[in-house]
Number of protein chains: 2
Amino acid sequence: MGRQQARSDASTARALDTALKLFSHQGYGATSMREIASQSGLSVGNLYHHFGSKEAIFQRLIDRYWEALLDSELDLNRVFTRGRFPEDLEEMAAAIEQVVERHQEEILLIYVDVIEFRGSHIRTFYESMADRFQEAYASSFEEARGSGRLGEVNPLVAVMVASRWLFYFFTVEKCFGVPMHFGMSPNQAVDEFARILRFGVLPRPGEAEASPDARKDMVQERGRTR
Amino acid sequence: MGRQQARSDASTARALDTALKLFSHQGYGATSMREIASQSGLSVGNLYHHFGSKEAIFQRLIDRYWEALLDSELDLNRVFTRGRFPEDLEEMAAAIEQVVERHQEEILLIYVDVIEFRGSHIRTFYESMADRFQEAYASSFEEARGSGRLGEVNPLVAVMVASRWLFYFFTVEKCFGVPMHFGMSPNQAVDEFARILRFGVLPRPGEAEASPDARKDMVQERGRTR
DNA sequence: CAAAACAAAACGATCGTTCGGTTTGTAGTT
DNA sequence: AACTACAAACCGAACGATCGTTTTGTTTTG
């Protein structure tokens, strides 16, 4: 790779970064090529030289996010391939928080795509993701249920509900700027969700006497925090 | 109200309806006043005569959605004021589905606001909504927990998680066009979610023998459906 | 006849894109 | 090491279209 290439790479990277920032924070239609050009230090002509069109820049950003999500080194993918749900629920939450934190703007980009392009840039990706998910967990759950580690619920639905909820929870908090902590800290909210998912909201008859009072007090205290 | 007013009302209503359709399906910045004018049968000048600016139209749409949500005749509000969670979980789901079904485009508008206006048109509304929610449920839950109808989880968090999840579930399905049924029908998916919320994903020790095999078969069958 | 409802042209700005031209880097030749 | 040729990187003006808004006027209504 010669120096000419390196110069080009640095420029396209800068252009993509500023385009990501602009698209995600004001939408695709409301962002102009001149804006991308001036804020990234390139000329408009050079932008077209490298990308060809405005929509191609958007597509490149979606693709970049895609590849980052498929990285097997990603904590979240390690949690998924391990298949230890629901024991490692807290680790799953941390991994999802990490993804949302790292890819805040790319996640907003998906909502931009849904609204301004009817989701055309991400639809096929999402469907393939759901399939991959289903395959990865289907086998490990047969074993888990056989060994009595799971209750009566469909475990595939359970892991989908859990991961989707966590994704939604952190997205609303970090990307939309509307915290959903219900008067608690983020960690407490996640803990409370994990408890609901594991034990349900109804009292568990067998454990009514077994659980110490300290736990009930803890729940009370959480409800009061502001 | 004279005939002049009636003519105006019909025009503004038509303008708002087409503006809603356009804003929600292609975003605010990508929708032009000429587009709204031609598709609603008004002239551009008349549009400005009635609304003053493009953003005022957007604001009016948000306000209209707001008022619809505050209607005490709304099924969802009846469920909320009744405060029978989690017994009426299925009714809550139906009421939320009704709201999402009826206000598909307004819900998309909220995402438009989040992206193109940083949520400035809806933020205060959302916060007041959360407060109202908290007040409405706080008292009824003290009683519910005292009578042993609820388990160890914070009931306020539980009802928030439930309603938010259902809202998210139906929004993704109806507004984004990406069903999250995990290979089941929408009703089955809701049932499964209700089961998770009530009983949790872990086996309930006291009920292991009490539950008939038919139930387990049902769960199995659901998992297989496609 | 005054006021409200409506229409259409016009305004300045900005849009995505194209195009002609310059600079920069590299490989090949002497 | 100097020179040449060429392609890629880069710039900024220009194009036609369209943007939100204003202006000027006409029609409708009480």
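A note on names: the letters A, B, ... follow the listed sequences, proteins ahead of strands, and every chain is numbered from 1.
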Contact list for residues 15-49 of chain A, test ring-ring contact (aromatic ring centres under 6.0 Å, His included), sequence neighbours left out: A:Phe23-A:Tyr28, A:Phe23-A:Phe58, A:Tyr28-A:Phe58, A:Tyr28-A:Phe117
Whole-Å distance separating the CD1 atom of A:Ile36 from the P atom of C:dC15: 11 Å
Residues forming a ring-ring contact (aromatic ring centres under 6.0 Å, His included) with B:Phe193, sequence neighbours excluded: B:Trp165
Phosphate OP1/OP2 of C:dC6 contacted by B:Ser11 side-chain N/O (<4.0 Å): yes
Distance test, side-chain N/O of A:His50 to OP1/OP2 of D:dC10, below 4.0 Å: yes
Interatomic distance where CG belongs to A:Asn46 and C1' belongs to C:dC19 [whole Å]: 14 Å
Taking N or O atoms only and anything under 3.5 Å, show me the protein contacts with nucleotides 20-22 of chain D, one pair per line.
residue, atom, partner, partner atom, Å
D:dG20, OP1, B:Thr31, O, 3.0
D:dG20, OP1, B:Lys54, NZ, 2.5
D:dG20, OP2, B:Met33, N, 2.8
D:dG20, N7, B:Arg34, NH2, 2.7
D:dG20, O6, B:Arg34, NH2, 2.5
D:dT21, OP2, B:Tyr48, OH, 2.6
D:dT21, OP2, B:Lys54, N, 3.0
D:dT21, O5', B:Tyr48, OH, 3.2

Short N-O contact, B:Arg82 and B:Glu91, less than 4.0 angstrom: yes
Qualifying salt bridge (charged side-chain N to carboxylate O under 4.0 Å, His left out) pairs with a residue from residues 44-70 of chain B, counting only residues at least two apart or across chains: B:Asp17-B:Arg64
Rounded interatomic separation in angstrom, taking CG from A:Leu47 and C1' from C:dC15: 14 Å
Which side-chain N or O atoms in residues 166-173 of chain B pair as donor and acceptor under 3.5 Å with protein atoms at least two apart or in another chain?
residue, atom, partner, partner atom, Å
B:Thr171, OG1, B:Phe167, O, 2.7
B:Glu173, OE1, B:His181, NE2, 3.1

Rounded interatomic separation in angstrom, taking CG from A:Leu42 and P from D:dA9: 12 Å
Whole-Å gap separating C1' (D:dT28) and NE2 (B:His49): 12 Å
For atom CZ of A:Phe51 and atom C1' of D:dC10, their distance in whole Å: 14 Å
Set of side chain to side chain contact (heavy atoms under 4.5 Å, CB included) partners for A:Gln104, sequence neighbours left out: A:Glu101, A:Lys174, A:Cys175
